[in-house]
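Comments concern the structure below.
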Amino acid sequence: MPHHFSSTVKSFTTASGKTGQLYSLPALARKFPNVKRLPVSLRIVLESVLRHCDGKKVTAEHVAELANWQPRAERTAEIPFVVSRVVLQDFTGVPLLADLAAMRSAAKRLGKDPARIEPLVPVDLVVDHSVMVDHYGKKNSLDLNMKLEFQRNRERYEFMKWGMQAFDTFGVVPPGFGIVHQVNLEYLARGVHKASQRGDKGSLYYPDTLVGTDSHTTMINGIGVVGWGVGGIEAEAAMLGQPVYFLTPDVVGFELKGRLREGVTATDLVLTVTEILRQHKVVGKFVEFFGEGTRTLSLPDRATIANMAPEYGATMGFFPVDEKTMEYFEGTGRTKAEREAFEAYFRAQGLFGVPVSGEIDFSQVVTLDLGSVTPSLAGPKRPQDRIELGKVAGQFESLFSKPNAENGFNQQAAVFQTRHLVRGFGAPAPAAVPQAPPTALGAARQVVEMVANKPTLAAHHAPAAASATAAVRGKPDITVGHGDVLIAAITSCTNTSNPSVLLAAGLLAKKAVEAGLKVQPHIKTSLAPGSRIVTEYLTATGLLPYLEKLGFALAGYGCTTCIGNAGDLTPELNAVITQNDLVCAAVLSGNRNFEARIHPNIKANFLASPPLVVAYAIAGTVTRDLMTQPVGQGKGGKDVYLGDIWPSSDEIHALLKFAMNGKAFRANYAKVTTEPGKLWDKIKGVSGQAYTWPSSTYIAEPPFFENFAIKSVVNAPVSAGATGQNGLSPSGEAAVAPSVRGARTMALFGDSITTDHISPAGSIKESSPAGQWLLAHGVQKADFNSYGARRGNHDVMVRGTFANVRIKNLMLPPKADGGQEEGGYTLYQGPQGAAGVGDKLSIFDAAERYRAAGIPTVVFAGEEYGTGSSRDWAAKGTALLGIKAVVARSFERIHRSNLVGMGVLPLQFKAGDSWSSLGLKGDEVVDIIPDARLTPQSEAELVITRADGSQTRRTLLLRIDTPIEVDYYRAGGILPYVLRQLLGD
Ligand code: SF4
């Protein structure tokens, strides 16, 4: 059958005279004139819908609906978006590979050819999430950390090698090359794709589009690629040729005007953008940047802003392709042919260039004058809480004694300046640093003018008590107090992909060293770039030795501190912090700072530009106001202010040429295949089409396809006795159903429960259910590794779900001091009258008891449930714990859809309702009865039966948002749905 829109296929010619074909949007605009005024990002999605219009998965109506997009219409239609490729990081990629391997095993058990399960689009996995900062501050830190990484992850890496040989379209960028989004930006993205066509038609070109199993996939929006983070389960569907379905979005136009001022960094800008867009509530929307100010931004600055789309809540933070994009492609070594095809394609589609005001119809327009951006940090608990540099110390002091509910630390103000001795820390201590007097206006003015061009602020509080040092057992002692910086990390692709901020950090380090400033050795300092190119240009510019002198030696090429792989502090430091309930700080150039993400014992986490990370490492405390007080004392005890060491824009620009060297990029990335590294070469994997599942505590066959049958079963209501082991029905399908009856409450949560709270992340405690399981399987504590590294083993992951040390289940009574108990516990609630009712148990242990008693469970939560990184185990673990529904005031986009994908019902309270307004305590019996037709965004009845037999009824909104989600849910989840499609004859 001819393509419905075959008349839109046109030819285009590159600068060198090469021709190709494309599905032309200008041609489509002849029929749908509205296309010309669509946001650029939507036009790229439209091209995919147009090209894949086959009358089945993608219909002519889908094309017409999107072509006629109206900026402020009600959103009900879903868009079937077939992407060009998929990117994975290793934490999320391994379970995905395990699911693919399990599908092959299921196919084999059914007598089908396992090779029928094969990614239909290119899939690249970048191994970046596994390296930890065990060693820091030494020249050989990188080597030592990588050796440990390979020791800890051998079994996972063997599994990846099996995947490389089993699938034709699955590639791996080995450990030690970089971070997925930076590698994607610098190397994997090639501009446009081309496919050969039958006959003599030549190649068909189409834009690069993708999904990735990491929420910061949006960094790629900086070079005009449409793509975002999805859960592993949706990524599996995408790689198997299924469309990614999403609700037609609103598109918010973000107009940038003016220019950034002297001394202001891209990090300051992105923290400002995040704060503004959070206020405009852009969750589920595209954000597209336009205007004259956007044209002035360098490509890496755009990528930094795009990267933090999850923090401002948007699906994407998109920048159109223009001359700056082409410059970046040249500077990063893309070939002439690639660049010419890229530019010619975008020009032929009318998509080249950043639009200005009035050219595009947006749902809403937000404006920012770049000249108003000031040096900033964000924190201490959320990325959207931006603080101007001059207010950081004051904000920390004010939050110190505020209650948790106001984002504070709930401490006695009287102990703010108390310091505690750490005996025999073990590292040589520098001379004690005397503090400057609270005001030094002359120097302060200099800082103010050079850094921010802001009005002078007076110092607002007394300096922290001076550190005391003493020698004990031949080792120096140190003192630690509230606000001390214990981790300072130049980390995260958000910033390490941006040469201007890394060169600024290097230049600041150089000036600081020359001024005689030092960093105390107990501060865990690290440099972990997202690509080897960074160290090449820091070396070529002569700046790396200065960073090393201040402790910022290369620790690894990977996520490290950004993902919580900061490594541990010394036992002495941990003991003093926990015994005295100290509020110590981390300063990092990352994008997330939720509680317990960076380190379980560090409560205040500030996001900052790389040069500010170095400055705070030198200061050693966040209680010092760097706008008015010295960063430290240099040679001869002289006060050194931030303005004395802050690099100028001219100094940075003079070095940028070292960072944009196409030859260096080509040589570096050629090594992915030619020289992947000796450690990687030594890894040997299983061979063959189907995985043999050798015994491993890292990789295990997930239970999602046990007893899988090609024929779907009709779901029955979930109630007592309906579920078997791991929450699966005897047929092997998740026992999902339109109604949940006789359920008990597993947890009552407040607002902003993140996927970091829900899903297993970070280190595994010996006393936790996962720790106990590992010990029982012969794994010693030293070899536990992190949850992230064990995502390929469901037995570990289900035990770590809701086990975060900072999660607060409000079912638990307050502690004696009035504070809320933290940790993954619940009060077991049923069946009534049975032994053990009211017992405090870990959520996993309670789930086991509920499972044994055949009782389904539900979770109640507040606003923004599931916000944070895309973590498919947040949904998989929820399902495997036997939780059948989550009722919240609002949901984060990816987590909501992942819950549906795993057969868990997401439901939303109607305005004005919440679990607290209903007076829930957690001991009630809960029924949830959706409309039997189960249509998208329909209603469900919540029936609460209290201990005295009284009942309360409320109407909930069913957050199954699209028709395809109904199909997934009815099939028991997306995995059985897709497998049935692939194996159906
Ligand atoms: S560095 Fe941070 S933002 Fe980037 S991929 Fe790693 S964890 Fe995600």
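For ligands, and for the atoms within them, numbers begin at 1 and follow the listed sequence.
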Identity and separation of the nearest protein heavy atom to atom 2 (Fe) of ligand 1: Cys562 SG, 2.3 Å
Number the atoms of ligand 1 from 1 as they appear, then name those within less than 4.0 Å of a heavy atom of Asp214, with their elements. 8 (Fe)
So does Asn307 get a backbone contact from the side chain of Thr494, meaning a donor-acceptor N/O pair under 3.5 Å? no
Proximity flag His181 to ligand 1, non-hydrogen atoms under 4.0 Å: yes
Arg666 side chain to Gly333 main-chain N or O, any donor-acceptor pair under 3.5 Å? yes
Is any side-chain heavy atom of Ser500 closer than 4.5 Å to a side-chain heavy atom of Asp301? yes
His129 and ligand 1 - part of the residue with a heavy-atom distance under 4.0 Å: side chain
Per-atom filter on ligand 1: closer than 4.0 angstrom to a heavy atom of Cys493 are 1 (S), 3 (S), 4 (Fe), 5 (S)
Say whether, by atom type as modelled, one donor and one acceptor occur between the side chain of His895 and the main chain of Glu892 under 3.5 angstrom. no
Polar side-chain atom of Arg334 near backbone of Ala189 as donor-acceptor pair, under 3.5 Å: yes
With a 6.0 Å cut-off (strictly less than), is the heavy-atom count around NZ of Lys281, excluding the residue itself, greater than 12? no
When the aromatic ring centroids of Tyr537 and Phe658 are compared, is their separation below 6.0 Å? no
Greater than 12 external heavy atoms within 6.0 Å of Lys765's NZ: no
Which atoms of ligand 1 are found less than 4.0 Å from any heavy atom of Ile179? 1 (S), 4 (Fe), 5 (S), 6 (Fe)
Look at ligand 1 and say whether Gln182 reaches it with a heavy atom at a distance under 4.0 Å. no
Are Ser492 and ligand 1 in contact, using a heavy-atom cut-off of under 4.0 Å? yes
Quick one: nearest non-hydrogen protein atom to atom 3 (S) of ligand 1, plus distance? Asn591 ND2, 3.2 Å
Below 2.8 Å, any N, O or S contact between Cys559 and atom 6 (Fe) of ligand 1? yes
Of all the atoms in His216, is at least one N, O or S atom closer to atom 2 (Fe) of ligand 1 than 2.8 Å? no
